[in-house]
Asks: 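Handing you a structure now.
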Amino acid sequence: LRHLMASSNPLTFVPPQDKMAPFPHLSILNLNNTLIGSWDSVDHLSTLPSLTELNILNIPIGRNLDEKERRFEAIGRLPQLRLLNKSVISVEEREDAERWLVRKYREPSNHAPATCPTLLEKHGPLAPLVNISMAPACDVDLEFYFNGQGPEVHRISLYRSTYDLKVWLSKMTKVAPSAMTLFYGDIETIVVTGLEEMRYGSKALYTYRMKKGDHIYVEFK
């Protein structure tokens, strides 16, 4: 079994390690719209050695956290994941998530996940989370260039995916999403690093660490 679609079922928990042994090849798991409400269930998924893609949208877990914190919590607990909720986990996002998890569970009173000792050894002791704001800006003003013409400044939600951004641009330009290619330019490093093609449609914009004044280049095919 490689793919398991368990979405929209009244599941309340994921069984522990001894019950997961029959699924050594499971790589994609969809738990959207279930009733799973404990991070222990997510910890149990770490025993699936081949699991690289997980979907956990619209479940009761982590209701006291914002969207990015819930994502960080899951990423930090599951070192084998490559995609979460259809969005690619970049190297930078994984590091941020792991460091966030170490900060959150640095106090003995918190119920630390199983990955914490490994993450603490990897990242070392870190400053308390209370002194650090992890939430990204919700909306930023970006400069858009269309086939080299621009800029046009538009305020964009960073919680959009790359594909969502293409759909929004399509409504404005009357060009199909499939007929455009997007490139991101960080105004602080663009001279050195150049442009980054936004090739993953499911990738959330905030994972690029976009900020006010950064550039989006839109090329029409």
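What you see below is based on every heavy atom in this structure, not just the backbone, and it leaves out hydrogens, waters and symmetry mates. Just so you know, these numbers come straight off a predicted model, no measurement behind them.
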Asks: Do Glu98 and Lys122 pass the salt bridge (charged side-chain N to carboxylate O under 4.0 Å, His left out) test, and can you show the C-alpha distance, the side-chain angles, and the key distance before you say yes or no?
Replies: CA-CA 9 Å; Glu98 291 176 352; Lys122 178 179 178 181; 2.9 Å; yes
Asks: Answer whether the closest heavy-atom distance between the side chains of Ile56 and Leu84 falls below 4.5 Å.
Replies: yes
Asks: Got a sec: does the NE2 of His25 have more than 12 other heavy atoms crowding it under 6.0 Å?
Replies: no
Asks: Side-chain contact, heavy-atom cut-off 4.5 Å: Met180 with Leu169?
Replies: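 In contact.
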Asks: Could you walk me through whether Arg71 and Glu67 pass the salt bridge (charged side-chain N to carboxylate O under 4.0 Å, His left out) test, one step at a time?
Replies: CA-CA 6 Å; Arg71 185 172 172 85; Glu67 181 178 348; over 6 Å; no
Asks: Just jot down the ring pair (Phe, Tyr, Trp, His ring centres under 6.0 Å) partners of His3, sequence neighbours excluded, or say none.
Replies: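 With neighbours one apart ignored, the set is empty.
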Asks: Mind checking salt bridge (charged side-chain N to carboxylate O under 4.0 Å, His left out) for Glu53 and listing every partner two or more places apart, or none if nothing turns up?
Replies: Lys86
Asks: For Trp39, what residues pass the ring pair (Phe, Tyr, Trp, His ring centres under 6.0 Å) criterion, not counting sequence neighbours?
Replies: none
Asks: Hey, what do you get for CZ (Arg70) to CG (Leu57), rounding to the nearest 0.5 Å?
Replies: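 Spacing of CZ (Arg70) from CG (Leu57) equals 9.0 Å.
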Asks: Quick one: list whatever passes ring pair (Phe, Tyr, Trp, His ring centres under 6.0 Å) with Tyr184, sequence neighbours left out.
Replies: Tyr208
Asks: Among Asp164, Leu165, Leu142, find the one that has a side-chain contact (heavy atoms from CB on, under 4.5 Å) with Leu205.
Replies: Leu165
Asks: Using a 4.5 Å cut-off on heavy atoms from C-beta on, say whether the side chain of Leu65 contacts that of Phe72.
Replies: no
Asks: Can you name the residues that form a ring pair (Phe, Tyr, Trp, His ring centres under 6.0 Å) with Tyr163, not counting sequence neighbours?
Replies: none
Asks: Do Glu143 and Tyr145 get their side chains close enough for a donor-acceptor pair, meaning under 3.5 Å?
Replies: yes
Asks: Look at the rings of Phe220 and Phe146 and say which category their plane angle falls in: under 30° parallel, 30 to 60° tilted, over 60° perpendicular.
Replies: parallel
Asks: Please list, chain by chain and in numerical order, all residues satisfying salt bridge (charged side-chain N to carboxylate O under 4.0 Å, His left out) with Arg155, sequence neighbours excluded.
Replies: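 By the salt bridge (charged side-chain N to carboxylate O under 4.0 Å, His left out) rule, Arg155 matches Asp141.
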Asks: One thing to verify: whether Lys211 and Asp186 come together as a salt bridge, which I'm taking to mean a side-chain N less than 4.0 angstrom from a carboxylate O.
Replies: yes
Asks: Which value, rounded to the nearest 0.5 Å, describes the distance between Leu83 atom CG and Ile75 atom CD1?
Replies: 10.0 Å
